[in-house]
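Report on the structure given below.
To find a chain, count down the sequence lines: A is the first, B the second, and so on, and within it residues start at 1. Only this structure's heavy atoms are used, side chains among them; waters, hydrogens and symmetry mates stay out.
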Number of protein chains: 2
Amino acid sequence: MSISRNPTTGIGSHRVQPISSLDDYDRASPAVDCVLITIVDGSLAVLIHRRSQNPFAGKWALPGVFVHFGESYERAAERALRDKGGVARRCYKEQLEARNEPNRDPRGWVVTVAYLLLARQELIIENIRSAGDAELAFIESVSGHDLTDAARIVVGSSRTAVELAFDHDELVRSGIRRLQAQIWYTALSLEFVPEAFTLRDLQAVFEAILGVTLNRASFRRHVLEVVRLVEPTGETQTNVGHRPAALYKRGSEFGSAQS
Amino acid sequence: MSISRNPTTGIGSHRVQPISSLDDYDRASPAVDCVLITIVDGSLAVLIHRRSQNPFAGKWALPGVFVHFGESYERAAERALRDKGGVARRCYKEQLEARNEPNRDPRGWVVTVAYLLLARQELIIENIRSAGDAELAFIESVSGHDLTDAARIVVGSSRTAVELAFDHDELVRSGIRRLQAQIWYTALSLEFVPEAFTLRDLQAVFEAILGVTLNRASFRRHVLEVVRLVEPTGETQTNVGHRPAALYKRGSEFGSAQS
DNA sequence: ATAATAGTGTCTTTAAGACACTATTTT
DNA sequence: AAAATAGTGTCTTAAAGACACTATTAT
């Protein structure tokens, strides 16, 4: 044990770190927040949970946790989903942005990294029931606005609009923006459909994310011929009351899923 | 002053933060690293500096500093450029990615956020001379590879290849990737040219960033008609030994610069 | 006039948008 | 046969790529 080198500090020490010259610098508590996006009945939804503690106790927020020393951001994000969202499944992850929030938490200096996570509804629903304070909230576009510059988050069957704690509303929009920017030339859309799916299913995913309706013929051309995102499995639907659609799977050029 | 609530900790306190329940969590030292990209003689360059302290003392690295409490990441990035790179000018900034590096620094837990910064060479050169340990290093593509999956960083007139400290080589590639992804539909390219410039100048910027040669006619069409990135000033070059080119400025739809 | 580069016109190619037409299944 | 949706063909439009042609300046 040793004394901090900074004379203004008084006694200094830290739980995990070795005593070192880093004591000359301010320390912060690293945290992660999760924007888990899914698609429910053709519209976007995000996983939120009701905070039990201050700040913002009782308010809806994105699931988030403080990062432990030695734990990667990704692992921390998974833990946040498990502990705060009741979701135990692995899913696609990508970093959104880091924020430095000296005033976020009255308890001290918190620096957060937000993650975008994608999963199909079925993988979330089966888990979420166990966590009473978690919910899949719909993301509705405010009329006349794009989803990415104004979005309403509505909960329950009454669909009452809520405001998320911190700047989490903005993080959700930022996640949607990222999704929209990447969807045409990546395989992100496949995170929302099962192994085998129809092109109609996939088009519905694109339409939910982009908030527009797409031309059927050119959508087919795009995913089949232009980017070759998908290829036929050879199977078709059965018993659907009309001509059955062919089933498709991830194109071989697009590796497989998750991260 | 008070005792940490974590019984394993021993005496606990922190230099800046109020004593609070955050003491139950591990703390880290937030830092920023700067990828300042510019274009020198038609090829990409990045600002690096020689580290004076361990870890990696004597090695080349990106300019970086620890963030102070109450200081934004952006401000910290500017301070890094000033103190480690000798560059005092404001320039365009955007966040690249956050990394959690428990083993980066033997002194303790460091979490870093990398920033991409863009500026024209003239704004850097005039400042850099004062800082002896800073240098603009060229980024060369390794033959047969894309700039974004393998790049060599070369210093001095001898152009000897160097490896940067930490994972800074990868950060540089990540910055270039971001630049390439955004250049066609944003005004980022204008950060590398003066107020008034010729289309040839601007095309050279695109070519340096993308690492390809572009068709002159379709480049003109793109920046003038398709995205309307630029518009003519009405002026032309003088005394250039051949037909003088028209001068252009930032298109009115693209706001003005910096961030 | 020549060299050099700026600027334009035109043809081709790629891919999206619109829209109608054919195909296949269940009821 | 009717309903419903799947799948295809074709025309149009936007924009990039290729390339040649004209224009304007200094020497």
Original post:
Could you write nucleotides 2-11 of chain C as a row of B, S and -, 5' to 3', where a protein heavy atom under 4.0 Å of any base atom gives B, of only sugar-phosphate atoms gives S, and otherwise -?
Top reply: --BBBBBBB-

Subject >> ring-ring contact (aromatic ring centres under 6.0 Å, His included) pairs, two or more places apart, involving residues 227-246 of chain A >> reply: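 Those involving residues 227-246 of chain A do not exist here.
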
**OP:** Please confirm whether any donor atom in the side chain of Asn215(B) sits under 3.5 Å from an acceptor in the base of dA18(D), or the reverse.
**Re:**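 Present.
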
Original post:
Is it true that Glu74(A) and Lys93(A) have a side-chain N and a carboxylate O under 4.0 angstrom from each other?
Top reply: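 No, this pair does not count.
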
Quickly work out the [X] [atom1] to [N] [atom2] distance and round it to whole Å.
{"X": "Asn239(A)", "N": "dT27(C)", "atom1": "CG", "atom2": "C1'", "answer": "11 Å"}
{"X": "Phe206(B)", "N": "dA16(D)", "atom1": "CZ", "atom2": "P", "answer": "11 Å"}
{"X": "Leu214(A)", "N": "dC19(C)", "atom1": "CG", "atom2": "P", "answer": "15 Å"}

Original post:
What residues, two or more places apart in sequence or in another chain, satisfy ring-ring contact (aromatic ring centres under 6.0 Å, His included) together with Phe166(A)?
Top reply: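 Phe166(A) satisfies ring-ring contact (aromatic ring centres under 6.0 Å, His included) with Phe56(A), His168(A) only.
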
Without placing hydrogens or testing angles, list every side-chain donor-acceptor pair under 3.5 Å for residues 172-185 of chain B, not counting sequence neighbours.
unit_1: Ser174(B); atom_1: OG; unit_2: Glu97(B); atom_2: OE1; d: 3.1
unit_1: Arg177(B); atom_1: NH2; unit_2: Thr148(B); atom_2: O; d: 2.9
unit_1: Arg178(B); atom_1: NH1; unit_2: Glu94(B); atom_2: OE2; d: 2.6
unit_1: Arg178(B); atom_1: NH1; unit_2: Gln95(B); atom_2: O; d: 3.0
unit_1: Arg178(B); atom_1: NH2; unit_2: Gln95(B); atom_2: O; d: 3.3
unit_1: Arg178(B); atom_1: NH2; unit_2: Leu96(B); atom_2: O; d: 3.1
unit_1: Gln180(B); atom_1: NE2; unit_2: Ile209(B); atom_2: O; d: 3.0

Original post:
Can you check whether His222(A) has a side-chain N or O nearer than 4.0 Å to OP1 or OP2 of dA15(C)?
Top reply: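 For dA15(C), OP1/OP2 do not have a side-chain N/O of His222(A) under 4.0 Å.
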
Original post:
Which residue, Thr238(A) or Tyr185(A), contacts DNA chain C at a nucleotide closer to its 5' end, judged by nearest heavy atom?
Top reply: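 This one resolves to Tyr185(A).
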
Original post:
Who pairs with Arg220(A) by side chain to side chain donor-acceptor pair (under 3.5 Å), at least two apart in sequence or on another chain?
Top reply: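 Side chain to side chain donor-acceptor pair (under 3.5 Å) list for Arg220(A), sorted by chain: empty.
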
**OP:** Hey, could you give me each pair passing salt bridge (Lys or Arg N to Asp or Glu O under 4.0 Å) that has a residue in residues 192-213 of chain B? Not counting sequence neighbours.
**Re:** none

